[in-house]
Participant: 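Okay, here's the structure, questions in a sec.
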Amino acid sequence: MHCPNCDFKTPEIDYLCTNIDEEERNITIKEKGIVENYPLISDNIINIYNILATITVLKQIGIDSKKIKESMQKLNVVETRFKKEEESGIEIVMHLAKGQNPIACSRAFDYVRKQKVSKCVILILDDLHEDSEVITWYYDADYEFLNSEETKQIIVGGKRYMDTVLRLLMAGVPKEKIVYARNEIEAVSNIETNGIEKVFILYDLYSLELCENVKNKVKEKIKIQKKMEENNNEDRSFIS
């Protein structure tokens, strides 16, 4: 950007991310005309910003690129913020979304949106400390990102569950896709995993224990539904 009437302009970029290769797990950074690849620790846009910021600071204080790359190879996102597990062929992704923070939630919703697979989304975003009754942030967050053909079911639980349901409806999410209950575990008991490739659990900063309980319930339901599917297939084979 450059004003045609004065010398006001956007400064030249010293460090620019020019490519993100999720398959090869690397990020390309252009620094003063020199292009280098660094390890991609996470494909989440929030963490990509953090990676670029970290590389910038380390290069500015004189750390060699080779040392930065070697160190980055050993890094992982802490499990309290992002974690993946698998149960019976279905990937379960636990992603911190920070309730009452529309930017953090929007970025989490956007990450889910970009996963072009059949998926179920579980929202447990209530602030468990109950230190605020303000819900205006719901309308600053991009719940519209959750309205996609690939999202087969959205499960909502917690004391603010009806506020979340209303916001999802306003975002255009079909009513038949939304499952909700005041109790989070009760809500998750209604998950349908047949044909689902990924389950996303988006949780608040203070909901780590609840997230773990929800994950365990999801795993339990996946096992039950997989077993029922196997039994049905056996019954059809016997009949034929």
Side-chain angles (χ1 to χ4, degrees), residues 1-4 6-86 89-98 101-121 125 140-151 196-205 211:
M1 299 289 290
H2 186 192
C3 175
C6 68
D7 62 354
F8 185 82
K9 65 178 180 179
T10 302
E12 295 295 327
I13 297 175
D14 294 322
Y15 298 87
L16 177 65
C17 173
T18 60
N19 187 55
I20 300 166
D21 192 329
E22 296 182 13
E23 290 188 5
E24 295 296 327
R25 305 297 297 173
N26 64 53
I27 181 173
T28 304
I29 306 296
K30 184 178 181 181
E31 176 198 356
K32 299 176 183 177
I34 299 174
V35 176
E36 291 188 283
N37 288 333
Y38 290 85
L40 180 64
I41 301 170
S42 167
D43 58 357
N44 188 320
I45 190 65
I46 298 172
N47 292 319
I48 291 171
Y49 278 124
N50 291 338
I51 292 169
L52 179 57
T54 301
I55 293 170
T56 300
V57 170
L58 293 175
K59 292 300 292 287
Q60 286 295 109
I61 63 175
I63 305 298
D64 180 75
S65 298
K66 183 179 179 181
K67 290 183 179 179
I68 296 174
K69 294 174 187 178
E70 289 173 351
S71 297
M72 290 179 68
Q73 291 283 7
K74 304 172 186 177
L75 296 178
N76 291 296
V77 178
V78 292
E79 292 186 351
T80 55
R81 292 181 173 265
F82 187 87
K83 184 180 179 183
K84 293 181 180 180
E85 294 187 17
E86 185 174 307
I90 297 177
E91 187 174 66
I92 303 171
V93 181
M94 290 147 283
H95 192 316
L96 177 65
K98 290 187 179 179
N101 186 328
I103 295 176
C105 284
S106 292
R107 296 282 62 81
F109 297 163
D110 189 41
Y111 179 80
V112 173
R113 176 177 66 94
K114 291 177 179 176
Q115 309 301 305
K116 300 300 182 181
V117 297
S118 179
K119 58 206 170 192
C120 172
V121 182
L125 302 178
D140 293 325
D142 294 303
Y143 278 79
E144 286 74 11
F145 289 155
L146 299 177
N147 183 19
S148 70
E149 184 179 346
E150 294 90 0
T151 302
I196 293 295
E197 297 174 68
K198 291 189 179 184
V199 175
F200 292 90
I201 305 173
L202 306 184
Y203 58 95
D204 179 64
L205 185 62
C211 177

Participant: Taking atom CD1 of I103 as the centre, does the number of heavy atoms from other residues, nucleotides or ligands within less than 6.0 Å exceed 12?
Facilitator: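 Atom CD1 in I103 is not crowded, with 12 or fewer foreign heavy atoms closer than 6.0 Å.
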Participant: Nearest heavy-atom pair of I63 and K67: which atoms, and what distance?
Facilitator: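 Minimum heavy-atom contact is CG2-CB, 4.2 Å.
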Participant: So for atom CD1, which belongs to I61, do other residues, nucleotides or ligands contribute more than 12 heavy atoms lying within a distance under 6.0 Å?
Facilitator: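 Yes, enclosed.
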Participant: Any idea which heavy atoms bring F145 and S106 closest together, and the distance?
Facilitator: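 Scanning both residues, the minimum pair turns out to be CD1-O, 3.6 Å.
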Participant: Let me confirm one number: the NZ-CD1 distance from K98 to I46, rounded to the nearest 0.5 Å.
Facilitator: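 Rounded to the nearest 0.5 Å, the NZ-CD1 separation comes to 8.0 Å.
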Participant: Between I29 and T18, is any pair of side-chain heavy atoms under 4.5 Å apart?
Facilitator: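 Contact flag for I29/T18 side chains = no.
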Participant: Can S65 and Y38 be counted as having a side-chain donor-acceptor contact under 3.5 angstrom?
Facilitator: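 Yes.
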Participant: Check whether any side-chain heavy atom of K59 sits under 4.5 Å from a side-chain heavy atom of Y15, and report yes or no.
Facilitator: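 Yes, at least one pair of side-chain atoms sits under 4.5 Å.
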Participant: NZ of K32: more than 12 outside heavy atoms within 6.0 angstrom?
Facilitator: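 For K32, atom NZ is not crowded (no more than 12 foreign heavy atoms under 6.0 Å).
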Participant: Using 4.0 Å as the upper bound for N to carboxylate O, is an ion pair formed by E144 and R113?
Facilitator: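 No, this pair does not count.
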Participant: How long is the gap from SG on C105 to CG on L96, to the nearest 0.5 Å?
Facilitator: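 C105 atom SG to L96 atom CG measures 8.5 Å (nearest 0.5 Å).
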Participant: Nearest 0.5 Å, what's the CD1-CG distance between I68 and L58?
Facilitator: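 Going from CD1 on I68 over to CG on L58, the span is 4.5 Å.
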Participant: Between K119 and V112, which heavy-atom pair has the shortest distance, and what is it?
Facilitator: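 Residues K119 and V112, closest heavy atoms: NZ-O, 2.6 Å.
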Participant: Any Lys/Arg nitrogen of D110 or R107 sitting under 4.0 Å from an Asp/Glu carboxylate oxygen of the other?
Facilitator: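 Salt bridge present between D110 and R107.
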Participant: Can you give me the closest heavy-atom contact between A97 and A108, atom names plus distance?
Facilitator: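 Here A97 and A108 meet closest at CB-CB, 4.0 Å.
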Participant: Taking it one step at a time, do L40 and I20 satisfy side-chain contact (heavy atoms from CB on, under 4.5 Å)?
Facilitator: CA-CA 8 Å; L40 180 64; I20 300 166; 3.9 Å; yes
Participant: Please check if the side chain of Q73 supplies one atom and the backbone of K69 the other of a donor-acceptor pair under 3.5 Å.
Facilitator: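 It does not hold such a pair.
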Participant: Do V121 and F109 make a side-chain contact, defined as non-hydrogen atoms from C-beta onward lying under 4.5 Å apart?
Facilitator: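 No, side chains not in contact.
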Participant: Quick check: do F200 and Q115 have side-chain heavy atoms less than 4.5 Å from each other?
Facilitator: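 Yes; the side chains approach each other to less than 4.5 Å.
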Participant: What's the spacing between L125 CG and N101 CG if we round to 0.5 Å?
Facilitator: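 It is 11.0 Å, given to the nearest 0.5 Å.
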Participant: Establish, from distance only, whether the side-chain atoms of E150 and S118 form a donor-acceptor pair under 3.5 Å.
Facilitator: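 Not at all, the side chains of E150 and S118 share no donor-acceptor pair under 3.5 Å.
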Participant: Heavy-atom distance under 4.5 Å between the side chains of I90 and V199, does that happen here?
Facilitator: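 Yes - at least one pair of side-chain heavy atoms lies under 4.5 Å apart.
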Participant: Is it the case that the side chains of H95 and N44 hold a donor-acceptor pair, with the cut-off being a distance below 3.5 Å and no angle test?
Facilitator: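 Yes - a donor-acceptor pair under 3.5 Å links their side chains.
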Participant: Compare all side-chain heavy atoms of I51 with those of M72 and state whether any distance is below 4.5 angstrom.
Facilitator: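 Side chain of I51 against side chain of M72, heavy atoms only: contact under 4.5 Å found.
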Participant: If you take all heavy atoms of P39 and I27, which pair is closest and at what distance?
Facilitator: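 Minimum heavy-atom separation between P39 and I27: O-CG2, 3.9 Å.
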Participant: What distance separates N47 CG from L52 CG, expressed to the nearest 0.5 Å?
Facilitator: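 Nearest 0.5 Å value for the CG-CG distance: 12.5 Å.
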Participant: So how far is it from T56 OG1 to L16 CG, rounded to the nearest 0.5 Å?
Facilitator: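 That separation rounds to 10.0 Å.
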Participant: Could you check whether D21 pairs with R25 (Lys NZ or Arg NE/NH1/NH2 to Asp/Glu carboxylate O, under 4.0 Å)?
Facilitator: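 Looking at D21 and R25, the cut-off is not met.
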Participant: Only pairs under 3.5 Å count here: list side-chain donor-acceptor contacts from residues 74-84, not counting sequence neighbours, and write none if there are none.
Facilitator:
unit_1, atom_1, unit_2, atom_2, d
K83, NZ, E85, OE2, 3.1

